[in-house]
Amino acid sequence: MHSQSHLAAYAAHTEHSKGRRFSEAAPTARSEFQRDRDRIIHCTAFRRLEYKTQVFVNHEGDLFRTRLTHSIEVAQIARSIARNLRLNEDLVEAISLAHDLGHTPFGHAGQDALNACMRDYGGFEHNLQSLRVVDQLEERYASFEGLNLTFETREGILKHCSQNNARQLGELGQRFIDKKQASLEAQLCNLADEIAYNNHDIDDGLRSGLLTETLLMEVPCYARFRHEVEASYPGVSAKRAVSETIRRMVNMLITDLIENSNLRIAASRPQNISDVRNGPPMIAFSDAMAQEARTLKQFLHEHLYRHYLVNRMSNKAKQTVRELFNIMMEDPSILPPDYRVIPFVTAEDIQRQARRIADYIAGMTDRYAMREYRRLFLIEELV
Ligand code: MG
């Protein structure tokens, strides 16, 4: 019924899956990875992505990317590339839609602040938190905790991992210890993520007015395509020219990734997913394109992510997260009962309580965190 004959030998085939943590009967009308994708779409953390942001905070504007629209863009890009490389589209879709589930409110500022708060309690890392969401925190099924996703989807979600954390993750963490690769589908989602945010951040940056086209002309590939568009469509409106330029950049990156990955796959000749895991990274840009992508990233860091107006908001975001964490740690009796650790006496209790607070804060949307902050700190606010 679910013929996978179109897949390359080196793709992730469901019949070679390392399976789920709790064994379940095979799905009847869909593949195992489609079932993963469906479970992700129906989970609570997925709906929260709509109100979480990366660069801008949710209330700053309705047209900026949210983590939800970002994840959908990643899935779109990853699927396009997967189809070209004859990789498993269902798997890349599942990984893409789940890859940001563990993010805190307020983007990187929120994650940095929470990580600092958790320094004495094992730290906070959004990749690991995404895994924690799908493995433990979602409560939707009677017979197991979490979503009970396949090994391959979980492997794709866990992009990076410290050696310390890897040792606690069993088979899933082993590749970080052995310095081996994940499936090509997982490798692909990483780069699809990068293609998506580099380009949509230009778009959002221009829309917000923090970036200008004059500045962007410093980025060689932007300037090249912008001139090309102007030459082909003299007098076209700036709005359309910008979209057309970004569209061409996305296309260039996707095309390069497909071509160069095909070359690498041909050079390594993997016969199955096990060869992939034991081989060198095979999904990669050409050197020239990797350089273009780095230049673009550096530009965004300098002119957008560290723009003083972004810094102002990031500082408020960090302060909000920090104060929420501190007050909850100081007096856990203000926590919703589900997040309380009782008794709260030994060092181990305190450690577990810190982790539950991190789960609570990480699960908050931008606006929920702001509301919670007002409820906890402003006496005139209802609790
Ligand atoms: Mg992402």
Side-chain angles (χ1 to χ4, degrees), residues 4-18 33 73-96 98-99 127 150-161 166 171-199 220-221 224-225 248-298:
Q4 298 191 310
S5 56
H6 63 288
L7 294 183
Y10 47 75
H13 293 251
T14 41
E15 63 269 30
H16 299 134
S17 168
K18 295 194 185 185
F33 299 136
E73 288 186 27
V74 175
Q76 178 271 315
I77 290 169
R79 286 188 58 166
S80 275
I81 300 168
R83 190 172 300 187
N84 275 279
L85 297 175
R86 293 165 55 226
L87 297 176
N88 198 316
E89 273 184 68
D90 295 334
L91 177 57
V92 298
E93 191 179 17
I95 297 170
S96 301
H99 86 285
N127 262 303
T150 60
F151 178 92
E152 288 71 20
T153 301
R154 296 168 61 236
E155 166 190 63
I157 291 172
L158 194 66
K159 283 194 265 195
H160 328 278
C161 182
E171 194 184 4
L172 202 66
Q174 199 55 41
R175 80 177 150 102
F176 298 99
I177 297 164
D178 300 342
K179 307 239 179 312
K180 298 221 167 129
Q181 312 305 320
S183 69
L184 295 180
E185 285 80 357
Q187 297 179 34
L188 166 52
C189 291
N190 261 338
L191 290 169
D193 186 20
E194 194 177 317
I195 294 174
Y197 67 67
N198 278 336
N199 289 285
C221 65
R224 217 164 56 232
F225 285 121
R248 288 175 189 215
M249 286 171 62
V250 173
N251 238 322
M252 164 188 77
L253 290 160
I254 291 178
T255 309
D256 180 88
L257 191 59
I258 293 169
E259 286 171 5
N260 193 61
S261 302
N262 261 327
L263 290 175
R264 283 178 176 238
I265 291 167
S268 293
R269 301 157 55 94
Q271 301 303 305
N272 50 47
I273 193 168
S274 163
D275 290 350
V276 166
R277 290 193 168 114
N278 291 311
M282 289 175 223
I283 306 294
F285 293 117
S286 64
D287 291 344
M289 197 58 59
Q291 184 53 48
E292 299 252 38
R294 263 196 304 276
T295 309
L296 178 55
K297 228 181 202 174
Q298 272 160 15

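Since we're looking at a predicted model, the values are computed, not measured.
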Would you call [X] and [Y] a side-chain contact if the rule is heavy atoms closer than 4.5 Å?
X: Gln181; Y: Met282; result: no
X: Met249; Y: Asn198; result: no
X: Glu259; Y: Met289; result: no
X: Leu184; Y: Leu85; result: no
X: Asn199; Y: Leu253; result: yes
X: Asp193; Y: Lys159; result: yes
X: Lys18; Y: Glu155; result: no
X: Ile265; Y: Pro270; result: yes

Could you report the tightest heavy-atom contact between [X] and [Y], atom names first, then the distance?
X: Ile77; Y: Ala192; answer: CG2-CB, 3.9 Å
X: Pro280; Y: Ser268; answer: CG-OG, 3.6 Å
X: Ile95; Y: Ile157; answer: CG2-N, 4.2 Å
X: Gly156; Y: Ala186; answer: CA-CB, 3.6 Å
X: Asn88; Y: Ala11; answer: N-CB, 4.2 Å
X: Ala12; Y: Leu91; answer: CB-CD2, 3.5 Å

Verify, without hydrogens or angle tests, whether [X] (side chain) and [Y] (backbone) share a donor-acceptor contact under 3.5 angstrom.
X: Glu185; Y: Glu89; result: no
X: Arg264; Y: Pro281; result: yes
X: His13; Y: Ala8; result: yes

Approximate separation, where rounding is to 0.5 Å, of [X] [atom1] and [Y] [atom2]:
X: Asn260; Y: Phe285; atom1: CG; atom2: CZ; answer: 9.5 Å
X: His6; Y: Arg86; atom1: NE2; atom2: CZ; answer: 9.0 Å
X: Asn251; Y: Ser80; atom1: CG; atom2: OG; answer: 9.0 Å
X: Asn84; Y: Asn262; atom1: CG; atom2: CG; answer: 8.0 Å
X: Leu188; Y: Ile258; atom1: CG; atom2: CD1; answer: 9.0 Å
X: Leu87; Y: Arg79; atom1: CG; atom2: CZ; answer: 13.0 Å

*Would you please name every residue forming a side-chain contact (heavy atoms from CB on, under 4.5 Å) with Thr150, sequence neighbours left out?*
Ser17, Arg20, Glu32, Phe33, Asp36, Glu152, Thr153
*Given Met252 and Cys221, is the side chain to side chain contact (heavy atoms under 4.5 Å, CB included) satisfied, shown in steps?*
CA-CA 10 Å; Met252 164 188 77; Cys221 65; 4.0 Å; yes
